[in-house]
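Step one of this worksheet: look at the structure below.
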Amino acid sequence: MDSFKALRCHAADKGVDARVEQMHADELSEGSVLIRAAWSGINFKDALAVTGTGKIMRGMPLNAGIDVAGTVETSEDPRFRPGEPVLVTGCGLGEARDGGFAEFTRVPADSVVPMPEGWDARQVMAVGTAGFTAAMALVRMEQNGQHPDLGPILVNGASGGVGSYAIRLFHRAGYQVTALTGKADAADYLRGLGANETLLTGDQDLGKRPLEKPLWGGAVDSLGGEQLTWLTRTVQPWGNIGAVGLAAGIELNTTVLPFILRGVSLLGINSVECARDLRLAVWRRVEELLEPTDVETVVTDEVDLEGVLPAAEELLQRKRHGRTLVRISS
Ligand SMILES: NC(=O)c1ccc[n+]([C@@H]2O[C@H](COP(=O)([O-])OP(=O)(O)OC[C@H]3O[C@@H](n4cnc5c(N)ncnc54)[C@H](OP(=O)(O)O)[C@@H]3O)[C@@H](O)[C@H]2O)c1
């Protein structure tokens with residue numbers, strides 16, 4: 001095979017030097033399935049990785065990108081045939097092994113998910129880790145008794161990738177959704193996704209008491225820090241909080257009272273490493289709730305490999321909303 005293009009990250013004095021360069025298949029991480037990539041997308045973690053803002057990669061040089069979709073080029077595993085459309089999200093891509101911002105990616109067969117019926121590579125990458133994570137929060141919360149009668153679901157970081165899909169998926173599953181955003185101009189976008197109400201970060205009194213008036217049936221938290229603390233104090237008895245992210249911080253200063261007096265559950269969401277059965281069940285829930293064309297509302301930009309770094313910088317500056325796709329080959 002000829003050389004191919006990859007967005008490869010190298011250790012540098014300033015942290016990370018991410019550049020598009022040519023490489024060969026024998027330089028890729030080990031694995032039994034070689035994927036010819038068509039599309040990927042930029043997640044918060046990718047933005048941290050390629051800009052060097054967060055220590056995401058466990059070793060360099062490494063190709064960035066935690067998601068990829070394309071077709072099987074070769075497979076040593078009988079479950080996959082050359083030409084078959086597939087996708088991979090998480091599973092160490094772009095962190096512990098070469099990731100999806102490259103024309104080819106080699107992965108272990110157990111991480112490969114067959115393309116959902118009726119979907120294409122661009123559409124599943126519009127969902128990507130962001131949508132998969134939001135769907136995992138829905139699945140885990142419902143497994144733990146969440147239902148629309150408990151009250152509205154609060155989604156924070158609402159205009160981001162996870163937030164956008166959390167709004168869309170909970171709306172489609174029959175819930176009232178309140179979107180909390182830091183972007184004053186995002187209300188129309190969020191209502192278009194299915195939010196019944198939008199709130200602006202900073203307009204709420206977060207309170208100080210261990211238990212405040214219950215406001216939410218449940219919540220999907222992309223932020224951590226004081227926002228997550230506030231949610232533990234304001235979720236209804238027996239409601240669930242999907243703890244997804246850390247965009248605002250990693251601290252959580254709460255008490256045991258929401259858990260022992262209200263039966264609130266804080267559910268951990270890990271989209272990177274999860275049992276294959278759960279992974280496939282989450283993708284089935286995505287297929288049940290979304291039409292492939294639904295994703296267009298969430299896609300706000302497309303870039304090529306050269307465009308990933310500038311887009312990642314803007315994402316961290318909160319100048320982007322929805323999902324930015326990465327076109328790798330047509
Ligand atoms: N647990 C998992 O497996 C998993 C999977 C995917 C993502 N995540 C995490 O989930 C979070 C969201 O990921 P994403 O891909 O959706 O990112 P994203 O597209 O950048 O969205 C994050 C959103 O959070 C808000 N935000 C960003 N920085 C903030 C800050 N400093 N203070 C308050 N709000 C801030 C912004 O929304 P508004 O402007 O609308 O407020 C932003 O659009 C990240 O922390 C990511 O690492 C975790």
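Start at 1 and go down the list; that is how both ligands and their atoms are numbered. What you see is a predicted model, and the numbers here were worked out from it, not measured in a lab.
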State plainly whether the residues E314 and R320 are in salt-bridge range, i.e. N to O under 4.0 Å. yes
When you look for protein heavy atoms under 4.0 Å from ligand 1, which residues do they belong to? F44, T129, T133, G157, A158, S159, G160, G161, V162, T181, G182, K183, S222, L223, V244, G245, L246, A247, A248, I269, N270, S271, L315, R318
Salt bridge (Lys or Arg N to Asp or Glu O under 4.0 Å) pairs touching residues 270-298, sequence neighbours excluded, are R122-E296, E142-R285, R168-D294, R172-D294, R285-E288
Give me each pair satisfying salt bridge (Lys or Arg N to Asp or Glu O under 4.0 Å) with a member in residues 71-89, each pair once, sequence neighbours excluded. R36-E73, D77-R79, R79-D110, R81-E84
Determine which pairs satisfy ring pair (Phe, Tyr, Trp, His ring centres under 6.0 Å) with at least one residue from residues 47-102, sequence neighbours left out, and list them in order. none
Only one of R8, R106, R58 passes salt bridge (Lys or Arg N to Asp or Glu O under 4.0 Å) with D98; say which it is. R8
Should E95 and K45 count as an ion pair when the cut-off is N to O under 4.0 Å? yes
